[in-house]
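Step one of this worksheet: look at the structure below.
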Amino acid sequence: MQKPIQSSSNRAYDILRTEKANPLDAIFAPKSVAVIGASEKAGSVGRTLLWNLISNPFGGTVFPVNPKRHSILGIKAYPTIFDVPEKVDLAVIATPATTVPGIIAECVDAGVKGAIILSAGFKEAGAEGVALEQQILEQAQRGKMRIIGPNCLGVMSPRTGLNATFASTMARPGNVGFISQSGALCTAILDWSFRENVGFSAFISLGSMLDVGWGDLIYYLGDDPHTKSIVIYMESIGNARSFLSAAREVALTKPIIVIKAGRTEAAAKAAASHTGALTGSDEVLDAAFRRCGVLRVNSISDLFDMAEVLAKQPRPQGPRLTILTNAGGPGVLATDALIAAGGEVAPISEETSASLNQLLPAHWSHGNPIDILGDADPQRYTKALEIAAKDPNSDGLLVILTPQAMTDPTQTAEQLKPYAQIAGKPILASWMGGADIAAGEMILNRNHIPTYPYPDTAARIFSYMWQSSYNLRGIYETPIMPALDSASGIPDRNCVEKIIQSARQTHRTILTEFESKQILAAYGIPVVATCVSKSEDEAVQCAEKIGYPVVLKLFSEIITHKTDVGGVQLNLRDAEAVRHAYNAIKLSLHDKLQHDPHYSLLSTQHSALFLGVTVQPMVKMAGYELIIGSSLDAQFGPVLLFGTGGQLVEVFHDRAIALPPLNTTLARRMMEQTQIYKALKGVRGRKSVDMAALEQLMVVFSQLVVEQRWIKEIDINPLLASSEQLIALDARIILHEPNVKQNELPKLAIRPYPTKYVSKWTMKDGTPVTIRPIRPEDEPLMVQFHKTLSEQSVYFRYFHLIKLQSRVAHERLTRICFIDYDREIALVVEYQNPETQTRQILAVGRLSKIHGTNEAEFAIVVCDRYQCQGIGTELLQRLLQVSRDEQLSTITADILVDNYGMQKVCEKLGFRIQHTDDPTVLKTEIDIKTFHPKN
């Protein structure tokens, strides 16, 4: 019997770390370091740097490089990098900026793989500095060298002893990975860390991010077993897609906490779009952090408090906190801070209240905060905590102790030790006071109960913890499959392309309302019926065809805000009213052109200002007016907006920002951030809006934004939402300027679903299937797929047996289905039964890029029933084509020696198969440039 076609494990599919060396190892774990610019001059960067390297042994050799000295600090020096007698892994450069490009060129020629450029005088100095950076980058790319800096403090690896900085002291070893763009802040935090006894797995000053950026370092620290959390001081995000891609993957297993400078930066305004006027860059950054599971905080103390608490305690499953205290005032302070930060006070269940009544004195608070009174002894604390912890309404606990006459802070802390880990519920403490509580505070901290001097701080920390949970849950909740119906021709991309190209050919950037609604309709978004009329008579004819009452709106290629010029006439009930309204719109516009300076500038374009009117039915406004839109952000490209719409949209400012593309879960999360969301669910006897339909509409809208990249700004305002319908009453679309080229269009911050890899295919037995990239909505299908695999197939795929329950666990499947298309592609073979219309996944092929390299690993698994049908060969060929598209150099996989089927497929497609140190495992590899599909 032919062996099943299953390939090796890879990191993305099996959540394993690749054994391949990371190019950044040359910087963080070098065996030899050259200090170029080493000096004897007291107080110089070159001297401090060399001293730090030799006085903190890291297990490697240090070589000073200085053409003017034979020795520095008693160590033999070398004129150039070429004169160093050993191969150098890392060059740390502290020479004038103008010399650096030449030094980097020499290092590349000498085979150096990593560099840290401490020198300043680059892009921060102007155009000359920018040119120097470009020269450095060109040389580095020639040798695949990775560079940190320039204009940075350097890098520390406290666990190994590497101190490649000019800081005055070495950081303590610990499990926090710290990255900062500010060298000055690095030194301040270093001083702070000694006072607070905070230790680091890595301490990194990024500088200008000429080469190595946030994404590279987040991936690297994500793979580092010594790093338990990552904290970041950020001034600019740089490569947004790289940051989001790395953070989204790593944040699932390691907390990433960011403090970002510049919250008060004025929001950029877009004159022609409501959406643009409502979108500010800092709000977009918040949305980006939510999208990738990163937690943003406002102070340095919060930064490290969160790193500590998320390492010690589980994330809460909800926002409800139970507060246990022996004094009323601190409980009230904690409550105020909790609510202000977005948390909630947990309601106490009847069962909990009854149990507390039996335990506590009659005068306890009978509510939350649970005031157990000032004479509480350690036993009362622990028994009350045990009762409160069992309450299903509670998502976390805060224990407050104030030192009163009958209080024993130390013994109470001892009694709380067994409660340090309550399943699914974090426990925090606030031991208030001075020396009397120090011993108890130490006991709690040593037993992984984070302790804070003030209860409001602890309450705020809990709210941050819930925010972190909320962000991650939004990313990895299984969404509903989008409702686009390709069978009915939706979306009609040809229709949209014709409209856009027609406008561009006439050098128009503003589409008419009629054209805008046509584009929405092409994507299946319901729009109100619209008829264009260029005269009074045509307007009357349209009105009588539609049926009274009707609405008349200005039809213009220039003006988008029609109400501002009197361009909307409502509730017209007969032909006379229509004629009067037609002329009223025309006269109002003429008056604006004559007397309003803002509009008089447009008078030279008079022929395009008034092209007639549109006639629409007067829709019963029983519902809510919403706005859905998209505009451009300088860092993240297209961003989405949802909120309260209508004429007063800029007044209410009730909106939420998100990055496209959306799925139904992300759409719901976006709505939840607005005030109107509560009303949409039904209030004061009103029926709820069809929330599922609204979610689907937002998903479709985001797809429109993702696919139609010539659209610069778009908004639907208002979108009328009621229990009966969702309908776009008005729409506005603005295109990119005519001189913008296709390759200059803004890049999406998150790579959308790669539709180009969707196609039909026929198996050997004639069964038609669809091969397409996986999507989050496939999780239920993947559960069923794993149920079809035999033990042998599982063993060939994972190199060991995994119980079905573990294979189909949601936590695991999120890593399989919720993928980042910028980092990996998983192709599924889907069969749809023509009789039952049920869908089934028959096989999965996955290609995962290896961090820090231009290589990837592949893995293939085929359902036992459908093996020997050519699926494995077809999937691998397609993965090779994806590799070409992504400009990868090599793809590899490990295969068990007994897996003859997979070996045969690889040989057929030109892979090299080699033995490894493990006699049971073979390694297969192919150079993508040599790949040619074989029949």
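All values derive from a computational prediction rather than experimental measurement. Hydrogens, waters and symmetry mates are skipped; everything else that's a heavy atom, side chains included, is used.
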Notebook entry, point to check: Met234 versus Trp214: any side-chain heavy-atom pair under 4.5 Å?
Noted result: yes

Checklist line | Arg751 bridged to Glu886 by N-O distance under 4.0 Å | finding: yes

Margin query: Taking Val250's backbone N and O only, do any of them form a donor-acceptor pair with Thr253's side chain (distance below 3.5 Å, no angle check)?
Written below: yes

Next item on the list: Hey, could you give me each pair passing side chain to side chain donor-acceptor pair (under 3.5 Å) that has a residue in residues 307-316? Not counting sequence neighbours.
Entry: Glu308-Lys312, Arg315-Ser468

Check: Do Trp192 and Phe304 have ring centres separated by under 6.0 Å?
Finding: yes

Item checked: Pairs flagged by salt bridge (charged side-chain N to carboxylate O under 4.0 Å, His left out) wherever residues 229-238 is involved - sequence neighbours left out -> none

Margin query: Assess, by modelled atom type and distance only, whether the side chains of Ser301 and Ser299 contain a donor and an acceptor separated by less than 3.5 Å.
Written below: yes

Margin query: A side-chain contact here means heavy atoms from C-beta on lying under 4.5 Å apart; do Phe200 and Pro173 qualify?
Written below: no

Note to self: Any non-hydrogen side-chain atom of Leu206 less than 4.5 Å from a side-chain atom of Cys152?
What the structure shows: no

Check: Crowded around Arg446 CZ? As in, over 12 foreign heavy atoms under 6.0 Å?
Finding: no

Next item on the list: Answer yes or no: is there an ion pair linking Lys425 with Asp395, defined by an N-O contact shorter than 4.0 Å?
Entry: no

Notebook entry, point to check: Judged by modelled atom types alone, do Ser469 and Gln317 share a side-chain donor-acceptor pair under 3.5 Å?
Noted result: no

Notebook entry, point to check: Counting distance only, does the side-chain N/O of Asp820 pair as donor-acceptor with the main-chain N or O of Asp822 below 3.5 Å?
Noted result: yes

Checklist line | Closest approach of Phe462 to Pro426 (non-hydrogen atoms, all atoms of both residues) | finding: CE1-CG, 4.0 Å

Notebook entry, point to check: Got a donor-acceptor contact below 3.5 angstrom from the Asp211 side chain to the Ile147 backbone?
Noted result: yes

Notebook entry, point to check: Less than 4.5 Å apart, any side-chain heavy atom of Val705 and any of Leu640?
Noted result: yes

Item checked: Under 3.5 Å: donor-acceptor pair, side chain of Ser630, backbone of Val639 -> yes

Notebook entry, point to check: Residues in side chain to side chain contact (heavy atoms under 4.5 Å, CB included) with Asn854, at least two apart?
Noted result: Leu888, Ser889

Checklist line | Which residues share a side chain to side chain contact (heavy atoms under 4.5 Å, CB included) with Ile825, sequence neighbours left out | finding: Pro754, Tyr821, Leu827, Val882

Check: Is there a donor-acceptor contact under 3.5 Å linking the side chains of His226 and Asn175?
Finding: no

Note to self: Ignoring hydrogens, what is the shortest heavy-atom contact between Leu244 and Leu659? Give both atom names and the distance.
What the structure shows: CD1-CD1, 3.8 Å

Notebook entry, point to check: Is there a donor in the side chain of Tyr452 and an acceptor in the side chain of Glu441, or the other way round, less than 3.5 Å apart?
Noted result: no

Checklist line | Side chain Gln703, main chain Phe701, donor-acceptor under 3.5 Å | finding: no

Notebook entry, point to check: For Met671, does its backbone N or O pair with a side-chain atom of Thr674 as donor and acceptor, under 3.5 Å?
Noted result: yes

Check: Within a strict 4.5 Å, meaning less than it, do heavy atoms of the Leu748 and Pro660 side chains meet?
Finding: yes

Check: Is any side-chain heavy atom of Asn22 closer than 4.5 Å to a side-chain heavy atom of Tyr219?
Finding: no

Note to self: Applying salt bridge (charged side-chain N to carboxylate O under 4.0 Å, His left out) as the test, list every pair that has at least one member in residues 158-186; sequence neighbours left out.
What the structure shows: none

Check: Is any NZ, NE, NH1 or NH2 atom of the basic residue among Glu695 and Arg668 found under 4.0 Å from an Asp or Glu carboxylate oxygen of the other?
Finding: yes

Notebook entry, point to check: With sequence neighbours excluded, what pairs up with Leu745 under the side chain to side chain contact (heavy atoms under 4.5 Å, CB included) test?
Noted result: Arg709, Trp710, His736, Val740, Gln742

Item checked: Glu779 side chain to Thr478 side chain, donor-acceptor N/O pair below 3.5 angstrom -> yes

Checklist line | Taking every non-hydrogen atom, the tightest pair across Ala167 and Thr48 | finding: O-CG2, 4.1 Å

Item checked: Geometric cation-pi criterion, Arg241 with Phe636: 6.0 Å, 45° -> no

Checklist line | Arg146 versus Ile27, closest heavy-atom pair with distance | finding: O-CD1, 3.7 Å

Margin query: Less than 4.5 Å apart, side chain to side chain, heavy atoms only: is that true for Leu90 and Val92?
Written below: yes

Margin query: Side chains of Met170 and Met156, heavy atoms from C-beta outward: is any pair under 4.5 Å?
Written below: yes

Checklist line | Full working for side chain to side chain contact (heavy atoms under 4.5 Å, CB included) between Leu295 and Gln467 | finding: CA-CA 7 Å; Leu295 178 65; Gln467 184 182 330; 3.7 Å; yes

Check: Closest approach of Pro23 and His851, non-hydrogen atoms and distance?
Finding: CD-O, 4.4 Å

Notebook entry, point to check: Just checking, is any N or O donor in the side chain of Tyr220 or Thr227 under 3.5 Å from an acceptor N or O on the other one?
Noted result: no

Item checked: Main-chain N/O of Pro638 paired to Lys712 side chain as donor or acceptor, under 3.5 Å -> no

Margin query: Checking Arg655 against His653: is there a side-chain donor and acceptor pair closer than 3.5 Å?
Written below: yes

Note to self: Between Lys260 and Asp286, does any side-chain N to carboxylate O distance fall below 4.0 Å?
What the structure shows: no

Item checked: Ring center gap for Trp466 and Tyr470 short of 6.0 angstrom -> yes

Margin query: Treating Asp302 as the side-chain partner and Val297 as the backbone partner, does any N or O pair qualify as donor plus acceptor under 3.5 Å?
Written below: no

Item checked: Charged N-O contact under 4.0 Å between Glu824 and Lys849 -> no

Checklist line | Check: Arg290/Gln673 side-chain N/O donor and acceptor closer than 3.5 Å | finding: yes

Note to self: Testing the 3.5 Å rule here: is there a donor-acceptor pair between the side chains of Tyr464 and Asp305?
What the structure shows: no

Next item on the list: Kindly say whether Gly154 contributes a backbone atom to a donor-acceptor pair with the side chain of Thr165 at under 3.5 angstrom?
Entry: no

